[in-house]
Amino acid sequence: MRKRNLALSCALALGAATLTLAPAATARPAPLHGDFNGDGFTDLAVGLPAANVSGHTGAGYVNVVWGGPGGLGARGSSTYSQNSAGIPGTSESGDHFGYAVSPADLNGDGYADLAVSAPDETLDTPGESREGALYVLWGSAKGLTSGTTTAKGHDEAHIGRLLNTGDYDHDGHGDLAYSSNGEETAALRLRPGPQTSAAASTVIRNWHFAGPSALATADFDGDGGDDLAVTYSGMEDQGTFVTSKPATGDWTTSWTTGDHGAALAAGDFDGDGTQDLAIGLVEPNPEVEETYCPKDRTGGAVALISGAAGTTLGGDWDCTTQDSPYVGGTGEPEDDFGAALATVHAGSPDGSDALLVGIPHETVGTKERAAGAYAFLETVYREPVLEGPLVTQNSAQVAGTSEFNDRFGSALAAADHDGDGYPDLAVGAPGENGSTGGVWFKKGAEKPALTDTVSVTPKKLGLSGAVGHGTVLGH
């Protein structure tokens, strides 16, 4: 297997924004990923599963920060809980509504909808608890005004700790891929579309004393349909694989490795027209000699496996740590380099995608777990490019100051929120401000650069009961 070297670069900056209430959209629906009100701007869904709702600890809610010409935060935000009109269920302590969120147009009306999980929801089945449930909040010109219960768990299944959307069975309807976690067993399941009511799901894969830890959707085999990348681990089993389901027939695995990780991201990072896969906080399989990353690396690593025409992930590969050339900082125990990943589509001058890498437990100065910095991995014309140092809240033009347990970089997302044609970056810091949290918004540009950025926090948005804002970002 050939190894390919890439460089890391990074960019972040600070600016200011004025918050106003978000008006209802009057424009025609726009088929943008994450545009919940059809105004032509991508919005950001932030899950707050630990948030308090009407005195119920950990009931959870979703905060949608509206996109607009000024970017995230300029038009304010809206919150959705199970106490909101039109949303199924009732907010109860420990439900953790918003544990996972995934935007997609699931009914084909041109508005993005939002799949939301509540893995610790207790349903009405006698003798069972914490079964969990999945919901779809439907987009409209007024935002997310109604919802549907689309899947229910059973017997402490805690469904939906992982959740992803795609048309996996190639029938033209949006599907949900989600996890189910019991005491000794786990499963990855498919809730096929349409998502108009609660319906049965099917099993993609079962585990005993193991379970999935991250998912990513992309067309890895180049056949025009959605495939699913899964990484998993446990006492007796670990690895990463890509699986696909034909319109008729069973799921088939087209690629696998014994290495596993905490995060996955898919994109065309080398600009060759095929989908690549990044495995964040990758752990080598201790039972085999050949792995993507050295077993003696410190502080975390990201394995990047390239695609190849006519096959799945058959190209070159690379392993990056903070001890790699051009990477800011130094690999230290428990930095968790790669614990969060996100794809920046068309994030490079040559049209290739870029990769955001979070380091949520990075120590900055004497502040432990303060600065989860993030880095920018990219190629330009297939050559390594270095754009700047590692970024933390102590960096120039970055809002705030690195403090203990801020965990800046715990969650990452990228989309064009201001409509200028360039992908913008969102960085979560759930430990900010006494663990009320917040999201940092960096306006995009043709090349990564220090441009105006705003911090979008619960205080600025006027949120109540917020805990860990920025823990979960929809992308």
Side-chain angles (χ1 to χ4, degrees), residues 47-50 56-62 81-82 87-102 106 114-137 147-166 168-169 174-217 228 230-238 241 243 245 250-251 260 262 264 471-472:
L48 287 83
H56 298 289
T57 303
Y61 62 74
V62 175
S81 75
Q82 289 185 282
I87 307 302
T90 301
S91 294
E92 299 169 316
S93 295
D95 281 350
H96 297 136
F97 182 83
Y99 194 97
V101 297
S102 184
L106 294 171
L114 186 67
V116 181
S117 72
D120 297 317
E121 175 87 52
T122 295
L123 303 174
D124 298 326
T125 305
E128 298 186 357
S129 63
R130 306 301 183 193
E131 302 97 319
L134 304 183
Y135 306 93
V136 173
L137 311 187
T148 298
T149 303
T150 192
K152 298 179 179 181
H154 60 85
D155 193 19
E156 298 193 23
H158 304 281
I159 69 170
R161 289 177 177 171
L162 296 178
L163 175 64
N164 227 317
T165 52
Y168 303 110
D169 56 9
D175 310 317
L176 305 182
Y178 67 92
S179 64
S180 173
N181 296 85
E183 184 175 349
E184 297 181 354
T185 62
L188 186 63
R189 306 185 68 90
L190 179 74
R191 166 57 171 94
Q195 309 292 329
T196 53
S197 62
S201 62
T202 59
V203 174
I204 300 173
R205 180 164 175 175
N206 285 312
W207 289 270
H208 189 61
F209 292 117
S213 52
L215 309 174
T217 298
L228 188 63
V230 184
T231 190
Y232 64 96
S233 64
M235 293 173 59
E236 300 178 352
D237 196 12
Q238 63 278 316
F241 63 91
T243 186
K245 188 184 186 308
D250 297 328
W251 290 86
H260 71 278
L264 295 175
T471 300
V472 179

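Reckoned from all heavy atoms, side chains included, excluding hydrogens, waters and symmetry mates. This chain uses plain numbering: 1 for the first residue, then up along the sequence. Keep in mind it's a predicted model, so treat the numbers as computed, not measured.
- The side-chain heavy atoms of L215 and L188, taken from C-beta on, include a pair separated by under 4.5 Å.
- The two residues P212 and A186 make their nearest non-hydrogen contact at CD-CB, 4.3 Å.
- If you take CD1 on I159 and CG on D120, they are separated by 11.0 Å, rounding to the nearest 0.5 Å.
- Contacts of F97 classified as ring-ring contact (aromatic ring centres under 6.0 Å, His included), with partners at least two apart in sequence or in another chain: Y135.
- Here E121 contributes atom CD and T149 contributes atom OG1; the two are 8.0 Å apart, rounded to the nearest 0.5 Å.
- Using a distance-only test at 3.5 Å, with no hydrogens or angles considered, a donor-acceptor pair links the side chain of E131 to the main chain of L123.
- Atom NE2 of H208 sits about 8.0 Å away from atom OG1 of T185, to the nearest 0.5 Å.
- The two residues G160 and Y99 come nearest to each other via the heavy atoms O-CD2, 4.3 Å.
- Under the ring-ring contact (aromatic ring centres under 6.0 Å, His included) criterion, W251 pairs with no residue at all, not counting sequence neighbours.
- More than 12 heavy-atom neighbours from other residues, nucleotides or ligands sit within 6.0 angstrom of NZ on K245.
- In the model, T217 has a side-chain atom that pairs as donor or acceptor with a side-chain atom of Y168 under 3.5 Å.
- Between the side chain of Q195 and the backbone N or O of G174 there is at least one donor-acceptor pair closer than 3.5 Å.
- Side chain of S102 to main chain of L163: no donor-acceptor pair is present (N/O by atom type, distance under 3.5 Å, no hydrogens or angles).
- Rounded to the nearest 0.5 Å, atoms CZ (R189) and CG (L134) are 11.0 Å apart.
- Listed for the R161 side chain is no donor-acceptor partner under 3.5 Å among the backbone atoms of N181.
- The shortest non-hydrogen separation linking T165 to A115 is CG2-CB, 4.2 Å.
- No hydrogens or angles considered: nothing links the side chains of T243 and R205 as a donor-acceptor pair under 3.5 Å.
- Residue N206 comes nearest to A187 through the heavy atom pair OD1-CB, 3.2 Å, listed as atom of the first residue, atom of the second, then distance.
- With hydrogens and angles disregarded, a donor-acceptor distance shorter than 3.5 Å links the side chain of Q82 to the backbone of P88.
- Atom OG of S179 sits about 11.0 Å away from atom NE2 of H158, to the nearest 0.5 Å.
- Separating the NE2 atom in H96 from the CZ atom in R130 is a distance of 7.5 Å, to the nearest 0.5 Å.
- Heavy atoms from other residues, nucleotides or ligands lying under 6.0 Å from CD of E184 number more than 12.
- Between D95 and T90, the shortest heavy-atom contact is OD2-O, 3.4 Å.
- L264 and A216 make their closest contact through CB-CB, 3.9 Å (heavy atoms, listed as atom of the first residue, atom of the second, distance).
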Any chance you could lay out the side-chain contact (heavy atoms from CB on, under 4.5 Å) test for V116 and L137, step after step, and finish with the verdict? CA-CA 7 Å; V116 181; L137 311 187; 4.1 Å; yes
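- The backbone N or O of Q238 sits nowhere less than 3.5 Å from a side-chain atom of S233 that would complete a donor-acceptor pair.
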